[in-house]
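Some notes on the structure that comes next.
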Protein chains: 2
Amino acid sequence: MAGIVACAWTLAREHGIAGVSLHALAREVGIRQPSLYEYFDSKHALYDAMFADGNRRLVERLDTTTFSREPRDALKQWLAVFTAFAGEDPARYQLLFQRPIPGFTPSRESYAPAEEVLDRAVTLMRAAGVTGPGDIDCIVAMTAGLTEAQLSNDPGGNRWLRHLDRLVDLLVDDAIARGGPNGT
Amino acid sequence: MAGIVACAWTLAREHGIAGVSLHALAREVGIRQPSLYEYFDSKHALYDAMFADGNRRLVERLDTTTFSREPRDALKQWLAVFTAFAGEDPARYQLLFQRPIPGFTPSRESYAPAEEVLDRAVTLMRAAGVTGPGDIDCIVAMTAGLTEAQLSNDPGGNRWLRHLDRLVDLLVDDAIARGGPNGT
DNA sequence: GTCTATACTAAGATAGAC
DNA sequence: GTCTATCTTAGTATAGAC
């Protein structure tokens, strides 16, 4: 079961997340395609397991990081973990943070660790003085913009991501200057 | 031919860009599926025509805009045209600015108007005092981040895009402060 | 230029034996 | 739990008549 999901990730890295076929997956695992239905009721169920697995791994990664007690540094560390995680496996990033499979929506259970991830980021932003929902949106979207530009145009490089910390400082300073305890 | 492409856009809006099938397209046009091969050698050729068409429309849109003589305002106007164009048709945005079709790369000819679009943006950024390639990358990526967050999570709304002008000011001011005539 | 007919490929899913 | 065999659907593409 865990082995099957691992094989599925291998195929996703090779052929893209949408390019994972059950025939190829079975071949990779070393069983016949119908046997997969012992483990997953449908292809969407497979994607759901992958989604949960990916998010769990990100949570683990965050768990094993010791964050600075200086809130803004901690936020930057969180973002560094996040972008490193994204860079390791663009296909995984796609499944977790974009909507690449028409008709697939993660189940409630699988979605739980994903919310956990976001919650931690929000907590760090608040601690760093970014409390307005609009300001949080901006940091999230800006990070996604840099990350996606990096993955699409220069995977493995840092032409875009090298600006992340600087832009964070810019947005955080601005949020604090404009907001104080609240903001838009 | 232009009518076929128009029908293809209609289908793309309904079923996503990857969900356009030649059978459905032929039905929409009112001919039989094999007849499409009189117009396009392959499905990729159809996507290529759509790609060129979309970019041409964006160029037109920019052509019919009168830009402020104040460079920063002009840049904001450009971005407003761009995001409005994106918001009108998320499927079109996907085809033009993401890589949603595995194996499809636009031909040189179709790519030309796309470069035109980007060039104009860069010109406006330079006029506004943003001359470092890194600073240009940041504004482009930040705009894409807000636009994609808006399209994926709240199409038609403005939860993310309402921050665009403010963030542009932030990034432009910072680029000028750090760079003067050059910058990273 | 449009048609009918069909080839080809690939995918997800099910039935039923072992 | 795994297999063989098969179903079903859906897509791109081609051949050849009109």
Side-chain angles (χ1 to χ4, degrees), chain A residues 1-54 91-92 94-95 98-107 109-110, chain B residues 1-54 91-92 94-95 98-107 109-110:
Chain A
M1 177 87 191
I4 297 178
V5 170
C7 286
W9 283 123
T10 303
L11 291 176
R13 276 186 289 274
E14 282 171 31
H15 308 113
I17 186 68
V20 175
S21 87
L22 296 182
H23 285 92
L25 175 56
R27 195 177 331 115
E28 185 85 12
V29 174
I31 60 178
R32 301 292 181 164
Q33 175 255 339
S35 303
L36 288 173
Y37 283 82
E38 287 294 319
Y39 302 94
F40 305 100
D41 289 345
S42 70
K43 193 175 186 185
H44 278 10
L46 167 67
Y47 281 129
D48 200 54
M50 295 173 79
F51 181 88
D53 176 68
R92 183 177 59 186
Q94 261 200 306
L95 181 62
Q98 298 176 335
R99 247 129 278 211
I101 312 292
F104 166 66
T105 327
S107 61
E109 308 90 88
S110 300
Chain B
M1 176 89 191
I4 297 177
V5 170
C7 287
W9 283 124
T10 302
L11 291 176
R13 276 186 289 274
E14 282 172 32
H15 308 113
I17 187 68
V20 175
S21 89
L22 297 181
H23 284 93
L25 176 55
R27 194 175 334 114
E28 185 84 12
V29 174
I31 61 178
R32 301 292 181 165
Q33 175 255 339
S35 303
L36 288 172
Y37 283 81
E38 286 296 317
Y39 302 92
F40 305 100
D41 289 344
S42 69
K43 194 175 184 182
H44 278 10
L46 167 67
Y47 282 129
D48 201 53
M50 293 172 80
F51 181 88
D53 176 67
R92 183 177 60 187
Q94 260 201 303
L95 181 64
Q98 299 177 333
R99 249 126 276 203
I101 311 294
F104 167 66
T105 328
S107 62
E109 308 91 89
S110 300

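Labels below follow one simple rule: chain letters A, B, ... track the order of the sequence lines, proteins then strands, and each chain is numbered from 1. Computed from a predicted structure; not experimentally measured.
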Problem - Whole angstrom value for the distance that separates P of dG12(C) from CG of L25(A) - result: 9 Å
Practice task
Could you check H23(A) against G30(A) and say which one's nearest nucleotide on DNA chain D is further toward the 5' end?
Solution key: G30(A)
Handout entry: Nearest-angstrom distance from the residue atom CD of Q33(B) to C1' of dG1(C)
Key = 15 Å
Handout entry: Of R32(B) and Y47(A), the one whose closest DNA chain C nucleotide lies more 5'
Key = R32(B)
Handout entry: Spacing between K43(A) atom NZ and dA10(D) atom C1', to the nearest angstrom
Key = 14 Å
Completion exercise
From CG of L46(B) across to P of dG11(D) the rounded distance in Å is 14 Å
Handout entry: Between CZ on residue R27(A) and CD on residue Q33(A), distance to nearest 0.5 Å
Key = 11.0 Å
Practice task
Round to a whole Å and report the spacing from CG of L22(B) to C1' of dT6(C).
Solution key: 16 Å
Practice task
Between dA13(C), dC3(D), dA13(D), spot the one nearest the side chain of Y37(A), thanks.
Solution key: dA13(C)
Exercise for the section: May I have the distance from I4(B) (atom CD1) to dG1(C) (atom C1'), rounded to whole angstrom? Expected result: 11 Å
Completion exercise
Closest non-hydrogen contact found for M50(A) with A12(A) is CE-CB, 4.3 Å
Practice task
Determine whether W9(A) and L95(A) make a side-chain contact, defined as any pair of heavy atoms from C-beta on separated by less than 4.5 Å.
Solution key: yes
Exercise for the section: Please figure out whether E38(A) or P34(B) has its closest DNA chain D nucleotide nearer the 5' end. Expected result: E38(A)
Problem - Y39(B) side chain, from C-beta outward: closest of dT2(C), dT12(D), dT14(C) - result: dT2(C)
Problem - Point-to-point distance, once rounded to the nearest 0.5 Å, from CD of E109(B) to OG of S107(B) - result: 4.0 Å
Handout entry: Residue pair V20(A) / Y47(A): nearest heavy atoms and the distance that separates them
Key = O-OH, 4.1 Å
Exercise for the section: With heavy atoms under 4.0 Å as the rule, sort S35(B) into base, sugar-phosphate or nothing. Expected result: base
Fill in the blank from the handout: In whole angstroms, the gap separating P of dT2(D) from CZ of R27(A) amounts to 18 Å
Problem - Separation of atom NE2 in H44(A) from atom P in dG12(C), rounded to whole Å - result: 11 Å
